[in-house]
Amino acid sequence: MRSRQPPSARNALLRRLPQSEEDPVTDQSTINVRISTTLKKRGDDVLSKAGGSPSQAIRALWAEMARTRAVPDFILRDLREGAQDERMHKHSALRSLDNLAGASASRSDVRRDDLPSAALQAESEVTS
């Protein structure tokens with residue numbers, strides 16, 4: 001049977017907890033991230049050699065961003081590169097759509113304003 005602490009011991013323990021808006025014991029969240037297996041293994045190896053864990057690294061990163069109210073430069077660079085990759089992907093998809101519509105337009109009298117409908121028409125011709 002578990003023994004209960006007397007109220008004075010419980011109160012002393014509570015007084016030692018950090019005084020903040022969040023209770024570090026009960027106010028917790030979980031973060032789930034998908035990364036490549038190779039990247040995870042390499043990162044885990046580096047953290048392990050330094051005596052740390054992925055959870056400790058993430059807590060430290062979040063604490064630093066909360067303290068400085070800024071995103072670290074290496075993350076900003078990665079975010080910009082990711083946004084640029086996404087823009088390039090969308091541009092490529094639009095170019096493909098334009099080419100598909102252009103092929104259809106050469107077979108019929110479709111105006112450039114009608115690209116989405118021309119692309120659908122060309123796609124249906126290809127699948128027929």
Side-chain angles (χ1 to χ4, degrees):
M1 182 174 188
R2 211 167 97 188
S3 65
R4 295 192 63 171
Q5 294 178 327
S8 59
R10 249 192 327 262
N11 291 340
L13 178 63
L14 290 175
R15 280 193 299 273
R16 283 183 283 190
L17 289 175
Q19 299 298 312
S20 67
E21 295 175 18
E22 303 92 21
D23 177 354
V25 176
T26 60
D27 186 29
Q28 296 187 7
S29 295
T30 301
I31 297 175
N32 295 309
V33 180
R34 290 191 184 277
I35 59 174
S36 78
T37 303
T38 303
L39 179 61
K40 181 179 183 322
K41 181 171 179 3
R42 289 178 181 171
D44 287 351
D45 288 347
V46 171
L47 286 168
S48 178
K49 287 176 184 169
S53 70
S55 294
Q56 289 171 316
I58 291 169
R59 278 190 215 101
L61 174 61
W62 255 245
E64 180 68 11
M65 288 189 299
R67 185 183 67 74
T68 63
R69 305 253 190 262
V71 177
D73 289 338
F74 74 95
I75 294 176
L76 289 174
R77 278 191 307 275
D78 192 56
L79 293 173
R80 281 192 296 268
E81 289 170 7
Q84 184 177 7
D85 289 347
E86 185 175 340
R87 280 192 304 272
M88 288 173 49
H89 178 71
K90 286 179 180 178
H91 181 71
S92 175
L94 286 172
R95 201 170 338 125
S96 296
L97 180 62
D98 190 31
N99 291 339
L100 183 61
S104 176
S106 67
R107 291 190 303 262
S108 64
D109 191 27
V110 178
R111 295 187 330 247
R112 187 158 177 81
D113 296 341
D114 297 331
L115 284 178
S117 60
L120 290 174
Q121 177 187 352
E123 185 177 75
S124 67
E125 290 173 5
V126 169
T127 57
S128 302

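These values consider heavy atoms only, across backbone and side chains, with no hydrogens, waters or symmetry-generated copies.
When atom types are taken as modelled, the side chain of S92 and the backbone of M88 share no donor-acceptor pair closer than 3.5 angstrom.
Listed by chain and residue number, E86 satisfy the side chain to side chain donor-acceptor pair (under 3.5 Å) test with K90 (two or more places apart in sequence, or in another chain). In this view, S48 satisfies the side chain to side chain donor-acceptor pair (under 3.5 Å) rule with no residue, not counting sequence neighbours. Not a single salt bridge (charged side-chain N to carboxylate O under 4.0 Å, His left out) links R69 to another residue, sequence neighbours left out. Every residue meeting the side chain to side chain contact (heavy atoms under 4.5 Å, CB included) condition with S53, not counting sequence neighbours, appears here in chain and number order: S55, Q56.
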Which pairs of donor and acceptor atoms, one on a side chain in residues 70-83, lie under 3.5 Å apart (sequence neighbours left out)?
none

Which atom pairs, one a donor and one an acceptor, fall under 3.5 Å between side chains of residues 29-41 and the rest of the protein, sequence neighbours left out?
from: S36; atom 1: OG; to: L39; atom 2: N; distance (Å): 3.0
from: K40; atom 1: NZ; to: D44; atom 2: OD2; distance (Å): 2.4
from: K41; atom 1: NZ; to: D45; atom 2: OD2; distance (Å): 3.3

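Note on I58 and M65: same hydrophobic cluster, where clusters join Ile, Leu, Val, Met, Phe, Trp and Tyr whose side-chain heavy atoms are under 4.5 Å apart, directly or indirectly.
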